[in-house]
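See structure below.
Only this structure's heavy atoms are used, side chains among them; waters, hydrogens and symmetry mates stay out. Treat the numbers as computed from the prediction; the structure is a model and nothing was measured. In what follows, chains carry the letters A, B, and so on, assigned in the order in which the sequence lines appear, proteins first and then strands, with residues in each chain numbered from 1.
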2 protein chains.
Amino acid sequence: MSSRSQAIADILTRAIIDHRLVPGCKLGERELAEIFKVSRIVIRQALIRLADDGLAQIERNRGAFVARPSMQEAMEIYDALTLVEQGVAAQLSDRLGPAGFAELRQHVERQRQAIEAGNDALADVLGQEFHTLFVRLSRNKVMQEIHAQLVRRTTLLRSLISADFDYCNLLDDHQRVIDLLERGRLKQVMELIDAHHRSVVRGYIMDRQVFPELTPREALQPYIDGKIDKAPKPLRKKTAESGGTGTHGHVHATK
Amino acid sequence: MSSRSQAIADILTRAIIDHRLVPGCKLGERELAEIFKVSRIVIRQALIRLADDGLAQIERNRGAFVARPSMQEAMEIYDALTLVEQGVAAQLSDRLGPAGFAELRQHVERQRQAIEAGNDALADVLGQEFHTLFVRLSRNKVMQEIHAQLVRRTTLLRSLISADFDYCNLLDDHQRVIDLLERGRLKQVMELIDAHHRSVVRGYIMDRQVFPELTPREALQPYIDGKIDKAPKPLRKKTAESGGTGTHGHVHATK
DNA sequence: AAACACAAGATTGGATATCAATCAATAAAA
DNA sequence: TTTTATTGATTGATATCCAATCTTGTGTTT
(Lines give C-alpha, C1' and ligand atoms only; values in the text may rest on other atoms or scores of the structure.)
Protein backbone atom coordinates (compact mmCIF):
# COMPACT_ATOMS: atom_id res chain seq x y z
CA MET A 1 0.00 0.00 0.00
CA SER A 2 1.23 3.44 -0.79
CA SER A 3 1.64 6.27 1.64
CA ARG A 4 -1.10 8.17 3.37
CA SER A 5 -0.12 11.42 1.74
CA GLN A 6 -0.42 9.81 -1.68
CA ALA A 7 -3.88 8.52 -0.84
CA ILE A 8 -4.94 11.96 0.30
CA ALA A 9 -3.42 13.55 -2.79
CA ASP A 10 -5.47 11.11 -4.86
CA ILE A 11 -8.66 12.06 -3.06
CA LEU A 12 -7.98 15.75 -3.45
CA THR A 13 -7.25 15.18 -7.13
CA ARG A 14 -10.53 13.36 -7.54
CA ALA A 15 -12.38 16.10 -5.72
CA ILE A 16 -10.84 18.69 -8.00
CA ILE A 17 -11.53 16.90 -11.26
CA ASP A 18 -15.05 16.19 -10.01
CA HIS A 19 -15.41 19.96 -9.62
CA ARG A 20 -16.23 19.61 -5.97
CA LEU A 21 -13.24 21.78 -5.17
CA VAL A 22 -13.15 24.74 -7.52
CA PRO A 23 -10.18 26.87 -8.64
CA GLY A 24 -9.05 29.36 -6.07
CA CYS A 25 -10.45 27.34 -3.19
CA LYS A 26 -8.26 27.56 -0.14
CA LEU A 27 -6.73 24.29 0.96
CA GLY A 28 -5.87 25.06 4.55
CA GLU A 29 -3.53 22.65 6.24
CA ARG A 30 -5.28 22.67 9.57
CA GLU A 31 -8.70 22.26 8.04
CA LEU A 32 -7.65 19.36 5.82
CA ALA A 33 -5.79 17.76 8.69
CA GLU A 34 -8.98 17.74 10.70
CA ILE A 35 -11.04 16.46 7.80
CA PHE A 36 -8.73 13.55 7.07
CA LYS A 37 -7.77 13.10 10.70
CA VAL A 38 -4.06 13.17 10.00
CA SER A 39 -1.31 15.52 11.00
CA ARG A 40 -0.60 18.70 9.10
CA ILE A 41 2.61 17.25 7.73
CA VAL A 42 0.83 14.54 5.82
CA ILE A 43 -1.44 17.18 4.35
CA ARG A 44 1.55 19.27 3.35
CA GLN A 45 3.07 16.31 1.55
CA ALA A 46 -0.18 15.71 -0.28
CA LEU A 47 -0.33 19.36 -1.29
CA ILE A 48 3.21 19.19 -2.64
CA ARG A 49 2.15 16.33 -4.88
CA LEU A 50 -0.86 18.30 -6.10
CA ALA A 51 1.27 21.33 -6.81
CA ASP A 52 3.77 19.21 -8.77
CA ASP A 53 0.82 17.98 -10.78
CA GLY A 54 -0.30 21.50 -11.59
CA LEU A 55 -3.58 21.12 -9.75
CA ALA A 56 -2.67 23.27 -6.76
CA GLN A 57 -0.63 26.34 -6.21
CA ILE A 58 1.38 26.85 -3.06
CA GLU A 59 2.15 30.41 -2.05
CA ARG A 60 4.74 30.83 0.60
CA ASN A 61 3.33 31.70 3.99
CA ARG A 62 -0.08 31.97 2.43
CA GLY A 63 -0.95 28.37 1.84
CA ALA A 64 -2.23 26.16 -0.94
CA PHE A 65 -5.10 26.85 -3.29
CA VAL A 66 -6.72 24.90 -6.06
CA ALA A 67 -4.94 26.10 -9.19
CA ARG A 68 -6.53 28.88 -11.18
CA PRO A 69 -4.87 28.64 -14.59
CA SER A 70 -4.81 31.73 -16.77
CA MET A 71 -6.35 31.74 -20.24
CA GLN A 72 -2.78 31.60 -21.56
CA GLU A 73 -2.05 28.49 -19.55
CA ALA A 74 -5.33 26.94 -20.61
CA MET A 75 -4.30 27.35 -24.23
CA GLU A 76 -0.90 25.87 -23.53
CA ILE A 77 -2.42 22.87 -21.83
CA TYR A 78 -4.67 22.18 -24.79
CA ASP A 79 -1.81 22.72 -27.21
CA ALA A 80 0.27 20.24 -25.29
CA LEU A 81 -2.59 17.77 -25.21
CA THR A 82 -3.08 18.13 -28.94
CA LEU A 83 0.60 17.63 -29.55
CA VAL A 84 0.69 14.49 -27.44
CA GLU A 85 -2.40 12.93 -28.97
CA GLN A 86 -1.28 13.72 -32.49
CA GLY A 87 2.03 12.07 -31.75
CA VAL A 88 0.32 9.03 -30.33
CA ALA A 89 -1.93 8.88 -33.37
CA ALA A 90 1.13 8.86 -35.60
CA GLN A 91 2.59 5.99 -33.63
CA LEU A 92 -0.65 4.03 -33.60
CA SER A 93 -1.14 4.43 -37.33
CA ASP A 94 1.81 2.08 -37.74
CA ARG A 95 1.43 -0.20 -34.85
CA LEU A 96 -2.22 -0.59 -33.87
CA GLY A 97 -3.66 -4.03 -34.58
CA PRO A 98 -7.28 -5.12 -35.04
CA ALA A 99 -7.66 -5.79 -31.32
CA GLY A 100 -6.82 -2.18 -30.60
CA PHE A 101 -9.33 -0.85 -33.08
CA ALA A 102 -11.94 -3.17 -31.63
CA GLU A 103 -11.28 -1.80 -28.17
CA LEU A 104 -11.64 1.76 -29.41
CA ARG A 105 -14.89 1.01 -31.20
CA GLN A 106 -16.27 -0.75 -28.19
CA HIS A 107 -15.55 2.28 -26.05
CA VAL A 108 -17.26 4.63 -28.47
CA GLU A 109 -20.25 2.34 -28.49
CA ARG A 110 -20.48 2.48 -24.72
CA GLN A 111 -20.43 6.26 -24.83
CA ARG A 112 -23.10 6.28 -27.52
CA GLN A 113 -25.34 4.19 -25.31
CA ALA A 114 -24.75 6.52 -22.38
CA ILE A 115 -25.82 9.46 -24.49
CA GLU A 116 -28.92 7.65 -25.68
CA ALA A 117 -29.78 6.86 -22.11
CA GLY A 118 -29.47 10.55 -21.30
CA ASN A 119 -26.71 9.88 -18.82
CA ASP A 120 -24.69 13.00 -19.50
CA ALA A 121 -22.38 12.55 -16.55
CA LEU A 122 -21.36 9.09 -17.69
CA ALA A 123 -21.03 10.25 -21.27
CA ASP A 124 -18.76 13.03 -20.11
CA VAL A 125 -16.52 10.62 -18.27
CA LEU A 126 -16.45 8.14 -21.14
CA GLY A 127 -15.59 10.95 -23.51
CA GLN A 128 -12.57 11.74 -21.39
CA GLU A 129 -11.65 8.12 -21.07
CA PHE A 130 -11.56 7.67 -24.80
CA HIS A 131 -8.52 9.86 -24.93
CA THR A 132 -6.93 7.92 -22.10
CA LEU A 133 -7.63 4.63 -23.81
CA PHE A 134 -6.21 6.02 -27.02
CA VAL A 135 -2.92 6.82 -25.36
CA ARG A 136 -2.86 3.56 -23.43
CA LEU A 137 -2.80 1.69 -26.73
CA SER A 138 0.61 3.21 -27.39
CA ARG A 139 1.86 1.00 -24.56
CA ASN A 140 4.07 3.78 -23.32
CA LYS A 141 3.62 4.27 -19.58
CA VAL A 142 5.69 7.44 -19.53
CA MET A 143 3.51 8.96 -22.21
CA GLN A 144 0.40 7.74 -20.44
CA GLU A 145 1.35 9.54 -17.26
CA ILE A 146 2.12 12.77 -19.09
CA HIS A 147 -1.15 12.57 -20.92
CA ALA A 148 -3.13 11.73 -17.81
CA GLN A 149 -1.73 14.77 -16.10
CA LEU A 150 -2.70 16.99 -19.00
CA VAL A 151 -6.19 15.54 -19.01
CA ARG A 152 -6.54 16.22 -15.30
CA ARG A 153 -5.57 19.80 -15.91
CA THR A 154 -8.07 20.21 -18.74
CA THR A 155 -10.71 18.79 -16.45
CA LEU A 156 -9.78 21.40 -13.89
CA LEU A 157 -10.12 24.04 -16.57
CA ARG A 158 -13.74 23.16 -17.07
CA SER A 159 -14.47 24.55 -13.64
CA LEU A 160 -13.40 27.91 -14.94
CA ILE A 161 -15.64 28.13 -17.96
CA SER A 162 -19.30 28.49 -18.54
CA ALA A 163 -19.43 26.42 -21.68
CA ASP A 164 -20.73 22.93 -22.02
CA PHE A 165 -20.02 20.43 -24.70
CA ASP A 166 -21.78 18.87 -27.57
CA TYR A 167 -21.33 15.23 -26.79
CA CYS A 168 -22.49 14.12 -30.20
CA ASN A 169 -19.91 16.17 -31.98
CA LEU A 170 -17.17 14.87 -29.75
CA LEU A 171 -18.40 11.34 -30.12
CA ASP A 172 -18.51 11.68 -33.88
CA ASP A 173 -14.95 12.97 -33.76
CA HIS A 174 -13.86 9.90 -31.87
CA GLN A 175 -15.61 7.67 -34.34
CA ARG A 176 -14.00 9.43 -37.25
CA VAL A 177 -10.56 9.27 -35.69
CA ILE A 178 -10.87 5.53 -35.50
CA ASP A 179 -12.09 5.22 -39.09
CA LEU A 180 -9.44 7.51 -40.51
CA LEU A 181 -6.71 5.86 -38.51
CA GLU A 182 -7.71 2.43 -39.75
CA ARG A 183 -7.58 3.66 -43.33
CA GLY A 184 -4.15 5.14 -42.75
CA ARG A 185 -5.28 8.74 -43.24
CA LEU A 186 -2.83 10.07 -40.69
CA LYS A 187 -2.84 13.65 -41.84
CA GLN A 188 -6.60 13.87 -41.54
CA VAL A 189 -6.49 12.23 -38.14
CA MET A 190 -4.11 14.85 -36.87
CA GLU A 191 -6.16 17.69 -38.25
CA LEU A 192 -9.21 16.20 -36.63
CA ILE A 193 -7.53 15.93 -33.25
CA ASP A 194 -6.49 19.55 -33.54
CA ALA A 195 -9.99 20.63 -34.51
CA HIS A 196 -11.44 18.46 -31.76
CA HIS A 197 -9.53 20.26 -29.04
CA ARG A 198 -10.03 23.63 -30.65
CA SER A 199 -13.77 23.06 -30.62
CA VAL A 200 -13.52 22.59 -26.89
CA VAL A 201 -11.33 25.62 -26.29
CA ARG A 202 -13.44 27.80 -28.54
CA GLY A 203 -16.29 27.61 -26.09
CA TYR A 204 -14.11 28.82 -23.27
CA ILE A 205 -15.16 31.97 -21.58
CA MET A 206 -13.17 32.34 -18.46
CA ASP A 207 -15.09 33.81 -15.61
CA ARG A 208 -12.38 34.84 -13.21
CA GLN A 209 -14.83 34.45 -10.40
CA VAL A 210 -15.83 30.98 -9.40
CA PHE A 211 -18.19 30.50 -6.52
CA PRO A 212 -17.47 27.51 -4.35
CA GLU A 213 -20.72 25.75 -3.65
CA LEU A 214 -19.22 23.39 -1.14
CA THR A 215 -16.89 23.85 1.78
CA PRO A 216 -13.81 21.61 1.59
CA ARG A 217 -15.34 19.53 4.34
CA GLU A 218 -18.55 18.97 2.42
CA ALA A 219 -16.64 18.37 -0.78
CA LEU A 220 -14.36 15.73 0.69
CA GLN A 221 -16.60 13.89 3.12
CA PRO A 222 -18.07 11.47 0.55
CA TYR A 223 -14.63 10.23 -0.45
CA ILE A 224 -13.67 9.63 3.15
CA ASP A 225 -16.89 7.78 3.81
CA GLY A 226 -16.16 5.65 0.77
CA LYS A 227 -19.40 6.80 -0.82
CA ILE A 228 -17.49 7.72 -3.96
CA ASP A 229 -14.86 5.23 -4.96
CA LYS A 230 -13.90 4.12 -8.43
CA ALA A 231 -16.63 5.19 -10.85
CA PRO A 232 -16.24 8.90 -11.35
CA LYS A 233 -19.47 10.81 -10.94
CA PRO A 234 -18.69 14.43 -11.66
CA LEU A 235 -20.86 17.03 -10.04
CA ARG A 236 -21.64 19.42 -12.85
CA LYS A 237 -24.24 22.05 -13.00
CA LYS A 238 -25.61 21.69 -16.48
CA THR A 239 -26.18 25.12 -17.93
CA ALA A 240 -28.47 23.79 -20.62
CA GLU A 241 -30.99 21.06 -20.00
CA SER A 242 -29.80 17.65 -21.07
CA GLY A 243 -31.36 16.12 -24.15
CA GLY A 244 -34.90 15.01 -23.63
CA THR A 245 -35.52 12.82 -26.65
CA GLY A 246 -33.04 10.22 -25.57
CA THR A 247 -31.49 9.92 -28.98
CA HIS A 248 -29.66 13.17 -29.48
CA GLY A 249 -28.65 14.91 -26.32
CA HIS A 250 -27.21 18.08 -27.72
CA VAL A 251 -25.92 20.51 -25.19
CA HIS A 252 -24.58 23.82 -26.33
CA ALA A 253 -22.49 26.54 -24.86
CA THR A 254 -24.44 29.06 -22.88
CA LYS A 255 -24.30 32.84 -23.04
CA MET B 1 11.99 32.54 -2.14
CA SER B 2 10.56 29.09 -2.51
CA SER B 3 10.53 26.44 0.13
CA ARG B 4 13.52 24.72 1.60
CA SER B 5 12.36 21.34 0.38
CA GLN B 6 12.17 22.67 -3.16
CA ALA B 7 15.69 24.00 -2.94
CA ILE B 8 16.94 20.66 -1.68
CA ALA B 9 15.00 18.83 -4.37
CA ASP B 10 16.71 21.05 -6.92
CA ILE B 11 20.14 20.26 -5.54
CA LEU B 12 19.42 16.54 -5.49
CA THR B 13 18.16 16.80 -9.06
CA ARG B 14 21.33 18.57 -10.11
CA ALA B 15 23.46 15.99 -8.34
CA ILE B 16 21.61 13.21 -10.14
CA ILE B 17 21.82 14.71 -13.62
CA ASP B 18 25.47 15.51 -12.96
CA HIS B 19 25.93 11.79 -12.32
CA ARG B 20 27.25 12.45 -8.86
CA LEU B 21 24.42 10.37 -7.45
CA VAL B 22 24.01 7.22 -9.49
CA PRO B 23 20.93 5.02 -10.00
CA GLY B 24 20.22 2.76 -7.08
CA CYS B 25 21.99 5.03 -4.62
CA LYS B 26 20.24 5.07 -1.28
CA LEU B 27 18.87 8.43 -0.25
CA GLY B 28 18.51 7.96 3.48
CA GLU B 29 16.43 10.53 5.26
CA ARG B 30 18.62 10.80 8.30
CA GLU B 31 21.80 11.03 6.28
CA LEU B 32 20.45 13.73 3.98
CA ALA B 33 18.99 15.58 6.96
CA GLU B 34 22.46 15.73 8.47
CA ILE B 35 24.08 16.77 5.22
CA PHE B 36 21.67 19.61 4.59
CA LYS B 37 21.26 20.38 8.27
CA VAL B 38 17.49 20.26 8.14
CA SER B 39 14.93 17.98 9.71
CA ARG B 40 13.90 14.69 8.18
CA ILE B 41 10.55 16.15 7.23
CA VAL B 42 12.05 18.63 4.81
CA ILE B 43 14.08 15.83 3.25
CA ARG B 44 10.99 13.70 2.88
CA GLN B 45 9.22 16.50 1.07
CA ALA B 46 12.16 16.91 -1.26
CA LEU B 47 12.19 13.19 -1.97
CA ILE B 48 8.48 13.27 -2.80
CA ARG B 49 9.20 15.91 -5.40
CA LEU B 50 12.00 13.83 -6.86
CA ALA B 51 9.82 10.76 -7.01
CA ASP B 52 7.06 12.72 -8.75
CA ASP B 53 9.67 13.75 -11.27
CA GLY B 54 10.69 10.17 -11.93
CA LEU B 55 14.20 10.69 -10.62
CA ALA B 56 13.76 8.82 -7.38
CA GLN B 57 11.84 5.80 -6.26
CA ILE B 58 10.30 5.56 -2.83
CA GLU B 59 9.72 2.09 -1.44
CA ARG B 60 7.50 1.88 1.57
CA ASN B 61 9.40 1.31 4.79
CA ARG B 62 12.57 0.92 2.78
CA GLY B 63 13.30 4.45 1.78
CA ALA B 64 14.16 6.41 -1.32
CA PHE B 65 16.69 5.52 -4.00
CA VAL B 66 17.87 7.21 -7.12
CA ALA B 67 15.66 5.77 -9.84
CA ARG B 68 16.96 2.80 -11.80
CA PRO B 69 14.84 2.77 -14.94
CA SER B 70 14.48 -0.48 -16.83
CA MET B 71 15.48 -0.79 -20.46
CA GLN B 72 11.77 -0.75 -21.25
CA GLU B 73 11.32 2.51 -19.43
CA ALA B 74 14.40 3.96 -21.09
CA MET B 75 12.85 3.24 -24.46
CA GLU B 76 9.57 4.79 -23.40
CA ILE B 77 11.30 7.93 -22.21
CA TYR B 78 13.09 8.33 -25.52
CA ASP B 79 9.91 7.60 -27.44
CA ALA B 80 8.11 10.25 -25.45
CA LEU B 81 10.94 12.71 -26.01
CA THR B 82 10.87 12.02 -29.72
CA LEU B 83 7.14 12.50 -29.82
CA VAL B 84 7.34 15.81 -27.99
CA GLU B 85 10.16 17.21 -30.08
CA GLN B 86 8.53 16.12 -33.32
CA GLY B 87 5.37 17.86 -32.25
CA VAL B 88 7.25 21.00 -31.37
CA ALA B 89 9.03 20.87 -34.70
CA ALA B 90 5.67 20.72 -36.44
CA GLN B 91 4.50 23.77 -34.53
CA LEU B 92 7.71 25.69 -35.15
CA SER B 93 7.64 24.97 -38.87
CA ASP B 94 4.65 27.31 -39.02
CA ARG B 95 5.44 29.82 -36.40
CA LEU B 96 9.19 30.26 -36.03
CA GLY B 97 10.49 33.60 -37.23
CA PRO B 98 14.00 34.63 -38.30
CA ALA B 99 14.92 35.62 -34.76
CA GLY B 100 14.20 32.09 -33.61
CA PHE B 101 16.33 30.54 -36.32
CA ALA B 102 19.13 32.94 -35.46
CA GLU B 103 18.99 31.88 -31.86
CA LEU B 104 19.19 28.23 -32.82
CA ARG B 105 22.14 28.79 -35.14
CA GLN B 106 23.94 30.79 -32.51
CA HIS B 107 23.55 27.97 -30.05
CA VAL B 108 24.89 25.41 -32.48
CA GLU B 109 27.84 27.67 -33.15
CA ARG B 110 28.63 27.83 -29.46
CA GLN B 111 28.58 24.07 -29.23
CA ARG B 112 30.82 23.80 -32.28
CA GLN B 113 33.35 26.05 -30.62
CA ALA B 114 33.22 24.00 -27.45
CA ILE B 115 33.97 20.86 -29.44
CA GLU B 116 36.86 22.55 -31.23
CA ALA B 117 38.24 23.63 -27.90
CA GLY B 118 38.07 20.03 -26.77
CA ASN B 119 35.70 20.91 -23.95
CA ASP B 120 33.64 17.77 -24.07
CA ALA B 121 31.77 18.47 -20.86
CA LEU B 122 30.58 21.83 -22.10
CA ALA B 123 29.72 20.40 -25.50
CA ASP B 124 27.67 17.74 -23.77
CA VAL B 125 25.70 20.31 -21.84
CA LEU B 126 25.20 22.52 -24.85
CA GLY B 127 24.03 19.53 -26.83
CA GLN B 128 21.35 18.95 -24.23
CA GLU B 129 20.45 22.59 -24.08
CA PHE B 130 19.82 22.73 -27.79
CA HIS B 131 16.81 20.55 -27.27
CA THR B 132 15.63 22.73 -24.42
CA LEU B 133 16.05 25.86 -26.48
CA PHE B 134 14.19 24.21 -29.32
CA VAL B 135 11.19 23.59 -27.13
CA ARG B 136 11.38 27.00 -25.50
CA LEU B 137 10.84 28.58 -28.89
CA SER B 138 7.38 27.03 -28.91
CA ARG B 139 6.54 29.49 -26.12
CA ASN B 140 4.54 26.85 -24.35
CA LYS B 141 5.55 26.67 -20.70
CA VAL B 142 3.53 23.54 -20.05
CA MET B 143 5.30 21.77 -22.89
CA GLN B 144 8.63 23.11 -21.72
CA GLU B 145 8.17 21.60 -18.29
CA ILE B 146 7.15 18.24 -19.69
CA HIS B 147 10.13 18.26 -22.00
CA ALA B 148 12.53 19.36 -19.29
CA GLN B 149 11.41 16.48 -17.15
CA LEU B 150 11.95 14.01 -19.97
CA VAL B 151 15.39 15.45 -20.61
CA ARG B 152 16.30 15.08 -16.94
CA ARG B 153 15.26 11.47 -17.10
CA THR B 154 17.33 10.81 -20.20
CA THR B 155 20.27 12.40 -18.46
CA LEU B 156 19.73 10.03 -15.57
CA LEU B 157 19.71 7.17 -18.05
CA ARG B 158 23.20 7.99 -19.14
CA SER B 159 24.44 6.90 -15.74
CA LEU B 160 23.23 3.43 -16.58
CA ILE B 161 25.01 2.95 -19.85
CA SER B 162 28.54 2.53 -20.95
CA ALA B 163 28.21 4.29 -24.25
CA ASP B 164 29.41 7.74 -25.07
CA PHE B 165 28.27 9.99 -27.81
CA ASP B 166 29.58 11.26 -31.05
CA TYR B 167 29.23 14.96 -30.54
CA CYS B 168 29.87 15.75 -34.19
CA ASN B 169 27.06 13.58 -35.37
CA LEU B 170 24.67 15.10 -32.87
CA LEU B 171 25.82 18.57 -33.72
CA ASP B 172 25.37 17.91 -37.41
CA ASP B 173 21.89 16.68 -36.66
CA HIS B 174 21.06 19.90 -34.90
CA GLN B 175 22.42 21.91 -37.77
CA ARG B 176 20.41 19.90 -40.25
CA VAL B 177 17.23 20.21 -38.23
CA ILE B 178 17.54 23.97 -38.42
CA ASP B 179 18.22 23.96 -42.14
CA LEU B 180 15.39 21.59 -42.95
CA LEU B 181 12.98 23.41 -40.70
CA GLU B 182 13.77 26.71 -42.37
CA ARG B 183 13.12 25.20 -45.77
CA GLY B 184 9.82 23.79 -44.55
CA ARG B 185 10.87 20.16 -44.93
CA LEU B 186 8.84 19.05 -41.93
CA LYS B 187 8.70 15.39 -42.76
CA GLN B 188 12.46 15.17 -43.01
CA VAL B 189 12.86 17.10 -39.79
CA MET B 190 10.71 14.62 -37.96
CA GLU B 191 12.55 11.66 -39.39
CA LEU B 192 15.80 13.25 -38.37
CA ILE B 193 14.63 13.82 -34.81
CA ASP B 194 13.59 10.19 -34.64
CA ALA B 195 16.90 9.02 -36.01
CA HIS B 196 18.73 11.40 -33.72
CA HIS B 197 17.26 9.86 -30.61
CA ARG B 198 17.54 6.36 -31.97
CA SER B 199 21.22 6.90 -32.54
CA VAL B 200 21.53 7.69 -28.88
CA VAL B 201 19.48 4.76 -27.70
CA ARG B 202 21.25 2.39 -30.06
CA GLY B 203 24.44 2.78 -28.07
CA TYR B 204 22.70 1.84 -24.88
CA ILE B 205 24.04 -1.16 -23.10
CA MET B 206 22.55 -1.26 -19.68
CA ASP B 207 24.90 -2.47 -17.06
CA ARG B 208 22.59 -3.33 -14.22
CA GLN B 209 25.43 -2.69 -11.82
CA VAL B 210 26.49 0.84 -11.24
CA PHE B 211 29.25 1.59 -8.80
CA PRO B 212 28.78 4.71 -6.76
CA GLU B 213 32.07 6.53 -6.70
CA LEU B 214 30.92 9.08 -4.20
CA THR B 215 29.04 8.88 -0.95
CA PRO B 216 25.96 11.10 -0.88
CA ARG B 217 27.83 13.41 1.45
CA GLU B 218 30.74 13.78 -0.97
CA ALA B 219 28.39 14.12 -3.90
CA LEU B 220 26.33 16.89 -2.35
CA GLN B 221 28.89 18.91 -0.42
CA PRO B 222 29.95 21.10 -3.37
CA TYR B 223 26.38 22.26 -3.96
CA ILE B 224 25.94 23.16 -0.31
CA ASP B 225 29.21 25.07 -0.30
CA GLY B 226 28.02 26.93 -3.37
CA LYS B 227 31.01 25.65 -5.32
CA ILE B 228 28.67 24.47 -8.07
CA ASP B 229 25.89 26.87 -8.90
CA LYS B 230 24.43 27.66 -12.28
CA ALA B 231 26.78 26.40 -14.98
CA PRO B 232 26.37 22.65 -15.11
CA LYS B 233 29.64 20.80 -15.01
CA PRO B 234 28.81 17.13 -15.34
CA LEU B 235 31.20 14.66 -13.83
CA ARG B 236 31.57 12.01 -16.47
CA LYS B 237 34.14 9.33 -16.76
CA LYS B 238 35.05 9.39 -20.41
CA THR B 239 35.45 5.84 -21.61
CA ALA B 240 37.40 6.90 -24.67
CA GLU B 241 39.88 9.72 -24.70
CA SER B 242 38.45 12.94 -25.98
CA GLY B 243 39.50 14.06 -29.43
CA GLY B 244 43.05 15.25 -29.60
CA THR B 245 43.10 17.09 -32.91
CA GLY B 246 40.71 19.71 -31.67
CA THR B 247 38.61 19.62 -34.79
CA HIS B 248 36.91 16.26 -34.69
CA GLY B 249 36.45 14.86 -31.24
CA HIS B 250 34.84 11.55 -32.05
CA VAL B 251 34.05 9.42 -29.08
CA HIS B 252 32.63 5.98 -29.54
CA ALA B 253 30.86 3.44 -27.44
CA THR B 254 33.13 1.12 -25.53
CA LYS B 255 32.96 -2.63 -25.21
C1' DA C 1 -14.64 60.43 6.06
C1' DA C 2 -10.44 58.62 4.09
C1' DA C 3 -5.83 57.12 4.55
C1' DC C 4 -2.33 55.40 7.12
C1' DA C 5 0.05 52.97 10.94
C1' DC C 6 0.26 49.55 14.18
C1' DA C 7 -0.84 45.72 17.05
C1' DA C 8 -3.28 41.20 17.59
C1' DG C 9 -4.47 36.94 15.71
C1' DA C 10 -4.06 33.29 12.53
C1' DT C 11 -1.48 30.45 9.29
C1' DT C 12 2.39 28.55 7.33
C1' DG C 13 7.23 26.64 7.40
C1' DG C 14 10.01 24.21 9.98
C1' DA C 15 12.40 21.75 14.32
C1' DT C 16 12.40 18.36 17.75
C1' DA C 17 11.06 14.40 20.24
C1' DT C 18 8.56 10.30 20.28
C1' DC C 19 6.26 5.95 18.85
C1' DA C 20 4.72 2.00 16.00
C1' DA C 21 5.48 -0.79 11.99
C1' DT C 22 8.41 -2.89 9.02
C1' DC C 23 12.68 -4.39 6.90
C1' DA C 24 17.49 -6.28 7.18
C1' DA C 25 20.89 -8.72 9.22
C1' DT C 26 22.67 -11.29 12.54
C1' DA C 27 22.55 -15.06 15.98
C1' DA C 28 20.61 -19.27 17.58
C1' DA C 29 18.46 -23.72 16.94
C1' DA C 30 17.13 -27.87 14.30
C1' DT D 1 23.18 -26.23 6.16
C1' DT D 2 18.80 -24.51 6.51
C1' DT D 3 15.37 -22.44 9.22
C1' DT D 4 13.80 -19.57 12.84
C1' DA D 5 14.19 -15.65 16.40
C1' DT D 6 15.90 -11.70 17.94
C1' DT D 7 17.91 -7.39 17.52
C1' DG D 8 18.85 -3.07 15.35
C1' DA D 9 17.97 0.41 12.04
C1' DT D 10 14.89 3.02 9.12
C1' DT D 11 10.67 4.73 7.71
C1' DG D 12 5.77 6.62 8.39
C1' DA D 13 3.45 9.36 11.18
C1' DT D 14 1.97 12.22 15.44
C1' DA D 15 2.16 15.86 18.78
C1' DT D 16 4.05 19.94 20.32
C1' DC D 17 6.60 23.93 19.91
C1' DC D 18 8.57 28.17 17.75
C1' DA D 19 9.63 31.79 14.33
C1' DA D 20 8.33 34.29 10.23
C1' DT D 21 4.86 36.22 7.73
C1' DC D 22 0.38 37.39 6.24
C1' DT D 23 -4.32 39.20 7.36
C1' DT D 24 -7.28 41.81 9.80
C1' DG D 25 -9.13 44.93 12.81
C1' DT D 26 -8.60 48.97 15.31
C1' DG D 27 -7.24 53.43 16.23
C1' DT D 28 -5.13 57.60 15.06
C1' DT D 29 -4.18 61.38 12.05
C1' DT D 30 -5.21 64.40 8.43
Between A:Val38 and B:Gly28, which residue's closest nucleotide on DNA chain D lies nearer the 5′ terminus? B:Gly28
Check the distance between C:dA15's C1' and B:Leu32's CG and give it to me in whole angstrom. 17 Å
Does a donor on one side chain sit under 3.5 Å from an acceptor on the other, for A:Arg95 and A:Gln91? yes
From the options C:dT22, C:dA15, C:dA24, select the nucleotide whose nearest atom is closest to the side chain of B:Asn61. C:dT22
In this structure, how many angstroms lie between the P atom of D:dG12 and the CD atom of A:Gln6, rounded? 12 Å
Between D:dA13, D:dT14, C:dT12, which nucleotide has the shortest distance from any of its atoms to the side chain of B:Arg40? D:dA13
Does either side chain, that of A:His107 or that of A:Glu129, offer a donor lying less than 3.5 Å from an acceptor on the other one? no
Rounded to the nearest angstrom, tell me the gap between atom CD in B:Glu34 and atom C1' in C:dT16. 14 Å
How many Å lie between CD1 on A:Ile43 and C1' on C:dG13, as a whole number? 15 Å
Do you see a donor-acceptor pair shorter than 3.5 Å between the side chains of B:Gln6 and B:Arg49? yes
Taking the side chain of A:Arg62 as its heavy atoms from C-beta onward, which of D:dT23, C:dA24, C:dT12 lies nearest to it? D:dT23
Walk me through it: do B:Glu76 and A:Arg139 pass the test salt bridge (charged side-chain N to carboxylate O under 4.0 Å, His left out)? CA-CA 9 Å; B:Glu76 292 184 3; A:Arg139 308 216 172 255; over 6 Å; no
Closest to the side chain of B:Arg44, out of D:dG12, C:dG14, C:dA15, is D:dG12
Closest approach to the side chain of B:Gln45, judged atom by atom: which nucleotide of C:dT12, C:dG14, D:dA13 is it? C:dG14
How many whole angstroms separate atom CZ of B:Phe36 from atom P of C:dA15? 13 Å
Is it true that A:Glu73 and A:Arg153 have a side-chain N and a carboxylate O under 4.0 angstrom from each other? yes
Nearest-angstrom distance from the residue atom CD1 of A:Ile41 to P of C:dA17: 14 Å
Given atom CZ of A:Arg60 and atom C1' of D:dC22, what is their separation to the nearest angstrom? 12 Å
Contact class for B:Arg30 (heavy atom, under 4.0 Å): base, sugar-phosphate, or nothing? base
Specify the separation, in whole Å, of atom CD1 of A:Ile58 and atom P of D:dC22. 16 Å
